[in-house]
Amino acid sequence: MAEATKTETVSSAALRRQMLSEFWFYFSENRGAVIGLVVFIALVIVAVFAPLIAPHSPFEQYRDAVLVPPAWLQGGRATYLLGTDAVGRDILSRLIYGAQYSLFIGLFVTTLSLTGGILVGLIAGYYRGWVDTVIMRLMDIILAFPSLLLALVLVAILGPSLTNGMIAIALTLQPHFVRLTRAAVMAEKTRDYVTAARISGAGPFRLMFRTILPNCTAPLIVQATLSFSNAILDAAALGFLGMGAQPPAPEWGTMLAEAREFILRAWWVVTFPGLAILITVLAINLMGDGLRDALDPKMKRS
């Protein structure tokens with residue numbers, strides 16, 4: 001008995017290693033996805049170790065160094081590698097601390113919208129009938145509005161703040177997870193293994209969460225990756241419009257809003273936060289493409 005258990009454990013571990021090896025094989029075939037993964041890991045490291053990496057406090061104002069250009073330009077100082085903003089704050093330090101905001105926003109929004117979307121989608125796809133009709137018509141109404149406009153309306157009702165902005169963005173992204181989960185549940189519900197579990201006495205809760213849901217995760221993981229980047233973009237847009245993170249928070253969208261009046265005479269205060277948003281979102285989207293190639297059987301090449 002002990003030998004059989006040991007053999008089963010070893011075979012299970014070997015199977016997991018094989019699955020991870022296969023996943024990495026298809027993921028690494030997409031060079032862009034690998035580059036995106038490297039950039040994303042670097043972003044995580046920067047965010048985690050921001051207090052050690054940043055040369056200055058993101059809130060400290062140096063009144064003798066207002067709108068100092070980057071170090072390689074005439075008038076620049078080596079102390080402020082990427083220059084300073086209109087009140088003398090170091091741009092590099094604010095960008096580094098801004099990575100914490102971006103990762104937290106993406107993680108919070110994606111987790112909230114994914115959790116709610118899976119729960120609602122499971123109920124709609126499993127029970128069907130009038131429950132499905134009511135839920136999907138509500139999702140259609142949400143999708144009928146431009147996501148940023150709907151988020152602006154919700155933040156205007158709740159009040160401008162980073163927390164309210166994240167909740168509003170999560171609500172606008174949730175219908176995508178609901179529709180994906182519902183479609184996957186409807187496809188899996190009629191399969192033989194679900195019928196066998198139902199005949200063996202499994203209740204609705206077990207069927208939904210233990211039997212069906214684990215077989216619906218691949219498209220949800222890809223959608224979660226794309227929603228992560230959308231959350232960062234929408235939060236930056238809300239911050240730029242003054243409805244998200246509020247000054248003096250070093251959030252990249254808020255930094256753009258504070259710097260827009262200096263575009264012509266101090267290009268660096270706008271360029272570097274914009275590049276940070278661009279590079280982060282592009283890296284996450286490239287990772288999403290790689291995940292799609294690795295997780296979708298239709299995309300795998302023999």
Ignoring hydrogens and angles, tell me if any N or O in the side chain of [X] forms a donor-acceptor pair with the backbone of [Y] under 3.5 Å.
X	Y	value
Thr280	Ile277	no
Ser113	Thr110	yes
Glu60	Pro58	no
Ser200	Ala197	yes
Ser28	Phe25	yes
Trp268	Thr84	yes
Asn215	Thr211	yes
Thr217	Leu213	no
Ser147	Thr172	no
Trp252	Gly239	no

Tell me if the [atom1] atom of [X] is crowded by more than 12 foreign heavy atoms within 6.0 Å.
X	atom1	value
Arg210	CZ	no
Asp64	CG	yes
Arg137	CZ	yes
Tyr193	OH	yes
Trp72	CH2	yes
Phe145	CZ	no

Kindly work out whether a path of hydrophobic side-chain contacts (I/L/V/M/F/W/Y, heavy atoms less than 4.5 Å apart) joins [X] to [Y].
X	Y	value
Ile123	Met136	yes
Leu52	Ile41	yes
Phe205	Ile212	yes
Ile221	Val44	yes
Val46	Leu92	yes

So how far is it from [X] [atom1] to [Y] [atom2], rounded to the nearest 0.5 Å?
X	Y	atom1	atom2	value
Asp289	Asn30	CG	CG	6.0 Å
Leu143	Leu173	CG	CG	10.0 Å
Leu122	Tyr127	CG	OH	10.0 Å
Phe108	Ile167	CZ	CD1	5.5 Å
Leu119	Gln174	CG	CD	9.0 Å
Asn164	Ile169	CG	CD1	11.0 Å

Hey, are the side chains of [X] and [Y] touching, using non-hydrogen atoms and a 4.5 Å cut-off?
X	Y	answer
Leu282	Leu286	yes
His176	Leu226	no
Ile232	Phe228	yes
Phe59	Pro250	yes
Asp90	Leu82	no
Ile91	Tyr80	no
Arg89	Met255	no
Val48	Leu103	no

Could you please spell out the steps behind the side-chain contact (heavy atoms from CB on, under 4.5 Å) verdict for His56 and Tyr62?
CA-CA 10 Å; His56 303 277; Tyr62 301 94; 3.1 Å; yes

Practice prompt. Quick one: do Ile284 and Phe40 satisfy side-chain contact (heavy atoms from CB on, under 4.5 Å)? Show the steps, please.
Written response: CA-CA 7 Å; Ile284 296 172; Phe40 183 75; 3.9 Å; yes

Closest non-hydrogen atom pair between [X] and [Y], with its separation:
X	Y	result
Ala168	Ala151	CB-O, 3.8 Å
Pro51	Tyr97	CA-OH, 3.3 Å
Arg182	Ala124	CD-CB, 4.2 Å
Met243	Val155	O-CG1, 3.1 Å
Leu162	Ile105	CD1-CD1, 3.6 Å
Leu95	Pro273	CD2-CA, 3.7 Å

Derivation and outcome, side-chain contact (heavy atoms from CB on, under 4.5 Å), residues Val87 and Glu258:
CA-CA 10 Å; Val87 294; Glu258 294 176 334; over 6 Å; no

Looking at Phe272, is Arg94 sitting on its ring face, NZ or CZ under 6.0 Å from the six-membered ring centre and within 45 degrees of the normal?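 No, Arg94 does not sit over the ring of Phe272.
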
_Could you go through Gln246 and Glu251, starting from their C-alpha distance and side-chain angles, then the distance that decides it, and tell me whether this counts as side-chain contact (heavy atoms from CB on, under 4.5 Å)?_
CA-CA 8 Å; Gln246 300 298 303; Glu251 195 270 327; over 6 Å; no

